[in-house]
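All values below come from the heavy atoms of this structure, side chains included, with hydrogens, waters and symmetry mates left out. Every chain is numbered from 1 and lettered A, B, ... according to where its sequence line falls, protein lines coming before strand lines. Just so you know, these numbers come straight off a predicted model, no measurement behind them.
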Amino acid sequence: MLDIKRIREDYEGSKAGVERRLKGSFGIENIPALDEKRRDLLAKVEAMKATQNKVSREIPKMKKAGEDTTAVMAEMKELSQSIKELDVEVSQVETEIRDCLLGIPNIPADFVQEGEDDSANVELRRFMEPTKFDFEPKAHWDIGADLNILDWERAGKIAGTRFTIYKGLGARLERAIENFMLDLHTIDQDYLEILPPFMVNRTAMTGTGQLPKFEEDMFYVPQKDFFLIPTAEVPVTNMLGGEIIPEAELPIHYTAYTPCFRAEAGSAGRDTRGLIRQHQFNKVELVKFTRPEDSWDELEALTADAEAVLQILGIPYRVVRLSTGDLGFSSACTYDIEVWMPSYGRYVEISSCSNFLDFQARRANIRFRRTEGGKPEYVHTLNGSGLAIGRTTAAVLENFQQADGTVVIPEPLRKYMGVDVITKNEKY
RNA sequence: GGAGACGUAUCGAAGUGGUCAUAACGAGCCGCACUCGAAAUGCGGUCGCCCGUUCCGGGCGCGUGGGUUCGAAUCCCACCGUCUCCGCCA
């Protein structure tokens with residue numbers, strides 16, 4: 001959520017900032033009139049309340065002195081009625097303002113390049129060169145099927161398309177990657193491991209920006225008005241909602257493994273095969289809460305922490321900065337880490353690292369207080385995948401496949417796997 | 001799922017329709033005094049949000065949202081959460 005004071009004080013600048021996203025209309029033009037209306041109403045109703053309070057304090061005194069209060073009380077009854085009516089108007093306007101503000105995306109950072117979509121993304125760096133093979137490499141869905149470790153047919157039978165059953169060393173590979181990532185982030189990088197709920201309420205979904213605009217992308221549990229989390233970002237960021245954090249605790253670094261659930265509405269026909277786009281997938285997430293002055297450095301560090309996974313595994317990747325048009329709703333700046341995927345013949349997103357500045361903190365009301373006193377201020381929030389596990393599994397299968405159809409396990413994963421090579425699962 | 005109790009400032013907790021919610025009373029924390037220093041003691045200070053540009057003034061907030069009333073922490077309704085007992089359960 002943008003700061004309404006900022007819109008009030010620099011309307012043209014705020015509007016121009018949001019419009020750098022190029023796509024869509026944002027409704028910011030409704031704010032100034034609503035804001036003015038609200039302040040007019042407030043001034044009126046608060047003056048009336050001041051009178052009401054004053055007189056109410058005098059009534060008991062009058063009664064004590066034996067005076068007749070009937071006339072005053074009749075007057076106050078009218079005033080009270082007017083106040084109620086105005087209060088309703090105020091809260092209507094405030095709801096309108098909030099609804100409007102909740103629908104306005106974050107302003108991209110100044111240095112983020114303008115562009116319509118991902119074609120304007122800028123490559124910042126690469127690690128290793130794309131993997132070369134002296135045989136015809138297979139896609140991971142064929143590798144998985146041939147080794148009998150990934151089973152899409154039966155997943156379709158019990159759930160539907162965009163689901164996968166992992167079997168044998170396939171399941172163990174997913175679990176090994178998960179544990180490897182969590183150990184890296186918690187032991188070598190000082191993140192605190194969190195295991196959160198996989199369902200959250202509406203307030204949490206609004207805090208990080210998924211609601212109200214993107215309800216169709218979510219799986220919903222009507223009995224309890226819960227949503228299945230689309231990313232650990234939602235529970236892990238909102239867990240500090242409404243809190244005032246002592247400055248000494250910042251920065252806070254959390255990491256969490258969760259499954260993620262996405263309806264993938266609107267992506268029919270895209271990435272229909274393999275592990276790339278699933279209704280349910282596993283992910284390790286990194287989440288940070290920082291002082292405003294630290295968030296840009298923390299974004300660089302967070303991205304580096306996610307990159308470390310691929311560096312240690314030895315898988316080629318590149319880092320790009322998203323253009324304004326490709327930026328997520330809540331983000332001011334996002335770096336995508338894209339892994340080399342031989343079956344696609346290109347780099348594929350495996351992590352998205354963003355600085356939200358105070359956009360989420362304002363929605364979720366997450367603040368901190370400086371040790372030197374003063375008013376609470378909003379923290380900055382950041383997050384990034386550290387990494388998507390399913391896509392990492394796919395990348396390992398494809399980049400480490402051998403001519404004989406087996407897959408060699410990258411050395412750092414072997415202690416988690418217990419084997420060096422994945423050979424065909426012969427069991428039913 | 002059934003029954004009951006409870007949600008007040010950083011924590012404990014009093015207040016059960018106005019006349020101390022600028023929150024009693026404890027504790028914590030921050031100053032100051034006493035002290036060589038500390039402890040103990042004494043004195044003072046210590047929540048958030050909104051509006052009016054500041055000093056300052058006004059409004060709102062006792063889990064959340066409604067209602068009754070001239071006036072609600074206090075009465076009524078709904079919801080959320082916590083705890084205890086019973087049932088059920090991995």
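- Salt-bridge check for A/Arg6 with A/Asp10: failed, with every basic side-chain N at 4.0 Å or more from each acidic carboxylate O.
- Evaluated for a side-chain hydrogen bond (donor to acceptor under 3.5 Å, both in side chains) with A/Thr208, the options A/Thr231, A/Asn238, A/Thr237 yield exactly one hit, A/Asn238.
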Restricting to nitrogen or oxygen on both sides, can you table the protein-nucleotides 63-70 of chain B pairs closer than 3.5 Å?
unit_1	atom_1	unit_2	atom_2	d
B/C70	OP2	A/Lys77	NZ	2.8
B/C70	O4'	A/Met73	O	3.4

* Asked: Tell me, what's RNA chain B's dot-bracket, Watson-Crick or G-U with both distances under 3.5 Å, | for other-strand, [ ] crossing?
  -> ((((((((.[[[..)..(......]]]((((((.......))))))((((((...)))))).[[[[[..)....]]]]])))))))....
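- As rounded to whole Å, 16 Å separates atom P of B/G71 from atom CE of A/Met62.
- For A/Glu377 and B/G48, the CD to P distance is 13 Å, given to the nearest whole Å.
- Sequence order on RNA chain B of the closest nucleotides to A/Lys54 and A/Pro60 puts A/Pro60 first from the 5' end.
- B/G65 sits 27 Å from B/A13 when the C1' atoms are compared, rounded to a whole Å.
- Atom name C1', nucleotides B/U74 and B/G67: the rounded distance is 15 Å, in whole Å.
- Rounded to whole Å, atom P of B/C60 lies 16 Å from atom CG of A/Leu41.
- Taken to the nearest 0.5 Å, the CD1 atom of A/Ile177 stands 3.5 Å off from the OG1 atom of A/Thr393.
- Taking the P atom of each, B/C60 and B/G66 are spaced 15 Å apart, rounded to whole Å.
- Salt bridge status for A/Lys15 with A/Glu19: present, with a side-chain N to carboxylate O gap under 4.0 Å.
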* To do: Determine, step by step, whether A/Ile107 and A/Leu2 satisfy the side-chain contact (heavy atoms from CB on, under 4.5 Å) criterion, reporting the C-alpha distance in whole Å, the side-chain angles of both residues, the deciding distance to 0.1 Å, and the verdict.
  => CA-CA 8 Å; A/Ile107 294 174; A/Leu2 297 180; 4.0 Å; yes
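- A salt bridge does not link A/Arg367 with A/Glu377: none of the charged nitrogens is closer than 4.0 Å to a carboxylate oxygen.
- The distance from the OH atom of A/Tyr220 to the CE atom of A/Met199 is 13.0 Å, given to the nearest 0.5 Å.
- A straight line from CG of A/Asn238 to P of B/C80 spans 19 Å, rounded to a whole angstrom.
- The separation of B/G59 from B/A9, taken at their P atoms, amounts to 22 Å, rounded to a whole angstrom.
- The CD1 atom of A/Ile244 sits 8 Å away from the C1' atom of B/C47 (whole-angstrom rounding).
- At the heavy-atom level, A/Asn53 lies under 4.0 Å from the strands shown only through sugar-phosphate atoms.
- When the C1' atom is compared between B/G52 and B/G71, the two are found 26 Å apart, to the nearest whole Å.
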* Audit row: A/Ser295, A/Asn355, side-chain hydrogen bond (donor to acceptor under 3.5 Å, both in side chains) steps and yes/no -> CA-CA 7 Å; A/Ser295 66; A/Asn355 186 354; 3.0 Å; yes
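- Salt-bridge check for A/Asp40 with A/Lys37: failed, with every basic side-chain N at 4.0 Å or more from each acidic carboxylate O.
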I'd like a list of close polar pairs between nucleotides 49-53 of chain B and the protein, N/O only, cut-off under 3.5 Å.
unit_1	atom_1	unit_2	atom_2	d
B/C49	OP1	A/Arg367	NH1	3.0
B/C49	OP2	A/Lys375	NZ	3.1
B/C50	O2'	A/Arg38	NH2	2.8
B/C51	OP1	A/Arg8	NH2	3.1
B/G52	OP1	A/Arg39	NH1	2.4

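- Aromatic ring orientation, A/Phe163 versus A/His279: tilted (interplanar angle from 30° to 60°).
- Between A/Arg162 and A/Glu264 there is no salt bridge, since no side-chain nitrogen of the basic residue lies less than 4.0 Å from a carboxylate oxygen of the acidic one.
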